[in-house]
Amino acid sequence: MQPDLHSRALAAHALHQFRTLSPLTHCMTNEVVQNFTANTLLALGASPAMVIEPEEASQFAAVAHAVLINVGTLTESRAIAMRAAVEQAQRANTPWTLDPVAVGALEFRRRFCLDLLSLQPAAIRGNASEILALAGMRGGGRGVDTTDTAAAALPAAQALACRVASIVVVTGEVDYVTDGQRTVSIRGGDPLMTRVVGTGCALSAVVAASCALQGDRLSNVASACSWMKQAGEFATEHSTGPGSFIPAFLDALYNLNAQELA
Amino acid sequence: MQPDLHSRALAAHALHQFRTLSPLTHCMTNEVVQNFTANTLLALGASPAMVIEPEEASQFAAVAHAVLINVGTLTESRAIAMRAAVEQAQRANTPWTLDPVAVGALEFRRRFCLDLLSLQPAAIRGNASEILALAGMRGGGRGVDTTDTAAAALPAAQALACRVASIVVVTGEVDYVTDGQRTVSIRGGDPLMTRVVGTGCALSAVVAASCALQGDRLSNVASACSWMKQAGEFATEHSTGPGSFIPAFLDALYNLNAQELA
Amino acid sequence: MQPDLHSRALAAHALHQFRTLSPLTHCMTNEVVQNFTANTLLALGASPAMVIEPEEASQFAAVAHAVLINVGTLTESRAIAMRAAVEQAQRANTPWTLDPVAVGALEFRRRFCLDLLSLQPAAIRGNASEILALAGMRGGGRGVDTTDTAAAALPAAQALACRVASIVVVTGEVDYVTDGQRTVSIRGGDPLMTRVVGTGCALSAVVAASCALQGDRLSNVASACSWMKQAGEFATEHSTGPGSFIPAFLDALYNLNAQELA
């Protein structure tokens, strides 16, 4: 059974809410994508902040609307700070989101991510190989690239969502968002997005921020996926390669029109 | 009493000097904006270098024309390296500039910045909330965003400049540059600049580099603000959002014409 | 005697090979250029990965097609991880490339780079001052900038290549690639490339990735230089400054046509 497509009207409504709240989003993310992640959030109307010292990260997690943990360039000292932030987020009821980058290929981050799962993430966003690995079903994965399709990882995503009581997003040509019971799909985007570093990581930041919205979290997270796919499509049409895609994508997010979306 | 507008003729003259000197600018800045900061300095004709290991940072501070300290993603180990660089800068008479990012919201960096103030910064650049916090008057501030206007922070900036014997720059819709006695203002720019991460941080780097110029430091620092506001205005006119703003801004800095400025 | 120009036909053939292999390239590089480096590799069809924790970096060096070590923002902890990766690369026969950024100006990284030379780099890529310094002939160098021409450093590059049994690339207005016996030159590019941070660092990553190709390594590395110079020329023609150069350069790499090259 094919999951229902996420409704454009819901995506438009969530976008309006998102811009009104302007969620203060505490991103503990990898060194490669910090700038693009911040610009993505700013373009959509959120307020990003990257705070990484353990004491400060913990202090900030209590103040922020949402926290993102992305393990792309994890180190031991960063892991300590991330854990402090997540523990504080949990105490303060700040929703936090996990992006388990390349978790299938590397042991140190796999142990760290599995350990964090007990601290109730609001959402988890990964590609098929990452979600399969996190769910304990070994997928392929080649560095940070997936070798599996999102659809193939959907059962793993659903099982993981049930086990962790979290929203799980598995992205690819089609994105799937599931809480284990309900699943919706989001189409769109373009393969050119895989030729720009950080589009997946930036989506995780937007997913994290969308968890701060009121209402149905599954729908809000699916809306985040929808905004990014829409902007990616628009940017692809208006660019001549991955270089010009980047400014076009940020412009598209900035100019994303709730009415057009719907 | 409204401070005098900084003269365009002075900004044009300082730009010419800046390009002639090509100040070697040692930037110890946050992880999010390093690339944009380096490209901003390069576009204006300066030579950026990011050196962060304590021994090297100290060695380099003696060779560089100017040093920037930006605490956006401060860690304990980075703080040690920054302090070593600042101490060496002071010994070598290399002017150093402080950007106290989010200093009002977070304790670890607040202690660090207050501690550094005794080491005679040439300049301090922050938004209103940051300058208020550094001056000991608690401003609002929401993450890295200000909740106060630059004008509201001007008395704090003037008091801080007197106390530390430094140039203080408080930026916003209007920028103010003060040494405690004299104050000039710079108009221009565009709110779109706040939707691009690192425009403020990059300004701090240009302020740092401008402290290496000969002549009146207050005027040179105000000129740095003027170049950035001019380029920001031009880039806004030639872009369709924050994405296309970035290349347009760097191009505008590169093509900034001393004659047009004046 | 002027070295032979590298043949366009060889560059075109190598590009085809490169896109077919899509080398998984493990980049341990400086904080300033990670994003641009990843996007450069992606645009050319390679698969970048930035893994920095010592255990993971070592694990990944055995899986990757190629490893890059760039010491631009070296720290003690990063040096430990880099050394672990290089040792594993050597054991696994993964070719690794060294970019000795600013090695002439700073002691800590000089000791580290000299130490690594005993671990058989496949290639070394630097500007004239860096290659002179690494070869033990002190060049000038001003921060990360060279004060020598590539041609002046060619004898040092040849001597270094012989001593280390590696390919040495010294870049500038003309690039030279040598194994100590044979030397080829690559013309093209544009001075605008020196106004964009990371074009040299990104070339080192492409050089590293090209060492994973089968066939004559000297020729493959020279081809990497050729692709970058070609794209740089094209991007300069299609941009109005260093800001618009960046997207134009990535687009040019993405659209680089093996037939046009030849």
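Given the structure is predicted, the values throughout are model-derived calculations rather than measurements. Throughout, a chain's letter reflects where its sequence line sits, starting with A, and its residues are numbered from 1.
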Student: Do the non-hydrogen side-chain atoms of A:Ile246 and C:Asn39 ever get within less than 4.5 Å of each other?
Tutor: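 The answer is yes, as the side chains (C-beta and beyond) meet within the 4.5 Å cut-off.
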Student: About how many Å separate CG of C:Leu44 and CZ of A:Arg195, when rounded to the nearest 0.5 Å?
Tutor: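 Interatomic distance, A:Arg195 CZ to C:Leu44 CG, rounded to 0.5 Å: 9.5 Å.
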Student: Looking at A:Thr194, A:Leu106, A:Thr240, A:Thr75, which has the largest count of heavy-atom pairs under 4.5 Å with chain C?
Tutor: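 Option with the top pair count is A:Leu106.
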Student: Kindly give the heavy-atom pair with the smallest separation between C:Tyr254 and A:Gly241, and that separation in Å.
Tutor: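 Shortest heavy-atom separation between C:Tyr254 and A:Gly241 comes out as CD2-CA, 3.9 Å.
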Student: C:Glu55 versus chain A, heavy atoms under 4.5 Å apart: side chain, backbone, both or neither?
Tutor: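 It is the side chain, since no backbone atom gets that close.
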Student: Do A:Arg109 and C:Val51 have side chains that get closer than 4.5 Å, going by heavy atoms?
Tutor: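 When only atoms from C-beta onward are counted, C:Val51 and A:Arg109 do touch, with a gap below 4.5 Å.
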Student: Atom OG in A:Ser239, atom CG in C:Asp251: separation rounded to 0.5 Å?
Tutor: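 CG of C:Asp251 is found 7.0 Å from OG of A:Ser239.
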Student: Show the nearest heavy-atom pair for residues C:Pro247 and A:Ser244, with the distance to one decimal.
Tutor: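 Looking at all heavy atoms of both residues, the shortest contact is CB-N, 3.7 Å.
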Student: Would C:Leu42 and A:Val196 satisfy side chain to side chain contact (heavy atoms under 4.5 Å, CB included), going step by step from the backbone distance to the final call?
Tutor: CA-CA 7 Å; C:Leu42 283 167; A:Val196 174; 5.7 Å; no
Student: Test C:Glu56 against A:Glu107 for side chain to side chain contact (heavy atoms under 4.5 Å, CB included), laying out the working first.
Tutor: CA-CA 7 Å; C:Glu56 288 194 346; A:Glu107 273 309 297; over 6 Å; no
Student: Does C:Glu53 pair with A:Arg111 as a salt bridge, N-O distance under 4.0 Å?
Tutor: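 A:Arg111 and C:Glu53: not salt-bridged.
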Student: Mark yes or no for whether C:Gln59, through its side chain, and A:Ala105, through its backbone, hold a donor-acceptor pair below 3.5 Å.
Tutor: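 Indeed, once roles are kept as given, a pair shorter than 3.5 Å links the two residues.
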Student: Looking only at atom types and distance, does a side-chain atom of C:Asn35 sit under 3.5 Å from a main-chain N or O of A:Asn35, one as donor and one as acceptor?
Tutor: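 Pair absent, no side-chain N/O of C:Asn35 close to backbone of A:Asn35.
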Student: Measuring from A:Glu31:CD to C:Thr73:OG1, what's the distance to the nearest 0.5 Å?
Tutor: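 If we round to the nearest 0.5 Å, A:Glu31:CD and C:Thr73:OG1 are 7.5 Å apart.
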